[in-house]
Amino acid sequence: CLPIQCGSVGGPFPVSPLLFHPNTKGSQIVMDLAQKTVKRQASFCNAITFSNRPIVLYEQVRLKITKKQCCWSGALRLGFTSKDPSRINPDNLPKYACPDLVSQSGFWAKALPEEFANEGNVIAFWVDKKGRVFYRINESSPMLFFSGVRIAEPLWALIDVYGLTRGVQLLGKLANNNPCKKTLQTKNLCSRCSQTLISP
């Protein structure tokens, strides 16, 4: 069962909201005070950002593209890192997540296809217990993005506001009446909370 969203009060997901890391970011990134929105102020690179806390398996990182800029090629780069952003010197961040960061140990990322990098689109991505990363656009069917993420250590989200993508906003978790919600199969068993999953 690939894209499961499990979570309730006291459940497996952290209570604290997912925000952008306030200090470790590329030199061209401007962040709002709430740490939910970032914008690249110039150029097409030097805009790597991270989450403020580790994510958990199957937790969806949801982003809305708020600004698209023409005249560039390439788009948002998404992934994860096992390196605590608080221990990364912002001055040592490279211009690009791909290929610069992903060539280093503990970083995994890939470029979002340009056709999905439109203003208003909502992108969700997550990692499963096998180290596979999936993404979906505007609640469409999930797609395999890449694999090989090492899940034995804590993971932070990695978001590079690159190329055509100039601004993004972090969104909260989807409202969900049931503690578990499956999206692909009619009925299954969620191994994370041992409850029967019924399709909405």
Side-chain angles (χ1 to χ4, degrees), residues 3-7 10-41 43 45-66 75-112 123-135 144-163 165 167-173 192:
I4 302 177
Q5 179 175 320
C6 297
F13 282 1
V15 175
S16 62
L18 192 68
L19 306 173
F20 286 104
H21 195 280
N23 303 317
T24 306
K25 57 186 186 295
S27 60
Q28 293 299 321
I29 282 293
V30 176
M31 185 181 301
D32 70 340
L33 293 177
Q35 297 171 227
K36 291 184 178 180
T37 302
V38 294
K39 184 175 72 172
R40 190 182 70 247
Q41 59 184 345
S43 185
C45 57
N46 283 308
I48 294 171
T49 66
F50 302 93
S51 61
N52 67 324
R53 63 160 173 80
I55 57 93
V56 297
L57 298 182
Y58 298 99
E59 179 180 4
Q60 294 188 28
V61 181
R62 299 179 66 240
L63 292 167
K64 182 178 181 179
I65 297 178
T66 58
L76 201 61
R77 272 80 164 124
L78 304 172
F80 297 96
T81 179
S82 59
K83 307 296 183 183
D84 184 348
S86 296
R87 301 188 176 206
I88 298 174
N89 185 342
D91 295 334
N92 293 337
L93 284 175
K95 291 182 177 181
Y96 318 105
C98 305
D100 297 352
L101 268 187
V102 295
S103 65
Q104 302 177 31
S105 175
F107 295 92
W108 304 269
K110 188 176 178 180
L112 184 75
I123 299 103
F125 67 102
W126 63 93
V127 62
D128 72 2
K129 64 181 180 180
K130 295 183 179 180
R132 300 176 298 183
V133 176
F134 297 86
Y135 76 102
L144 178 64
F145 201 16
F146 60 91
S147 58
V149 176
R150 190 170 62 247
I151 62 167
E153 304 170 80
L155 293 171
W156 286 260
L158 188 166
I159 300 156
D160 187 359
V161 188
Y162 177 84
T165 310
V168 295
Q169 177 186 8
L170 274 171
L171 304 177
K173 294 195 292 287
R192 292 178 58 77

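Because the structure is predicted, anything quoted here is derived from the model rather than measured.
- Between Phe80 and Phe125, the ring centre distance stays below 6.0 Å.
- Under the 4.5 Å side-chain criterion, counting only non-hydrogen atoms from C-beta, Leu158 is in contact with Leu101.
- For Tyr135 and Phe145, the ring centers are positioned less than 6.0 Å apart.
- Side-chain contact check for Leu78 versus Ile159: some heavy-atom pair is nearer than 4.5 Å.
- Looking only at side-chain heavy atoms (C-beta outward), Asp128 and Tyr58 come within less than 4.5 Å of each other.
- Here the side chains of Trp126 and Phe134 are in contact, with some heavy-atom distance below 4.5 Å.
- Contact of the Arg53 side chain with the Leu18 side chain is registered, since non-hydrogen atoms from C-beta on lie closer than 4.5 Å.
- Smallest separation of non-hydrogen atoms from Thr165 and Leu76: OG1-N, 3.2 Å.
- Looking at Pro154 and Trp156, their side chains come closer than 4.5 Å, going by heavy atoms from C-beta outward.
- Each of Gln169, Met31, Lys64 was scored for a side chain to side chain contact (heavy atoms under 4.5 Å, CB included) with Thr37, with one residue passing: Gln169.
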Given the rule in the salt bridge (charged side-chain N to carboxylate O under 4.0 Å, His left out) test, do Lys83 and Glu153 qualify, once you have shown the distances and angles that lead to the verdict? CA-CA 9 Å; Lys83 307 296 183 183; Glu153 304 170 80; over 6 Å; no

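- No side-chain heavy atom of Val102 sits less than 4.5 Å from a side-chain heavy atom of Trp108.
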Intermediate values then yes/no, side-chain contact (heavy atoms from CB on, under 4.5 Å), Ile123 and Val168: CA-CA 10 Å; Ile123 299 103; Val168 295; over 6 Å; no

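- Residues Ile48 and Tyr96 have side chains not in contact (no heavy-atom distance under 4.5 Å, counting atoms from C-beta outward).
- No hydrogens or angles considered: nothing links the side chains of Ser51 and His21 as a donor-acceptor pair under 3.5 Å.
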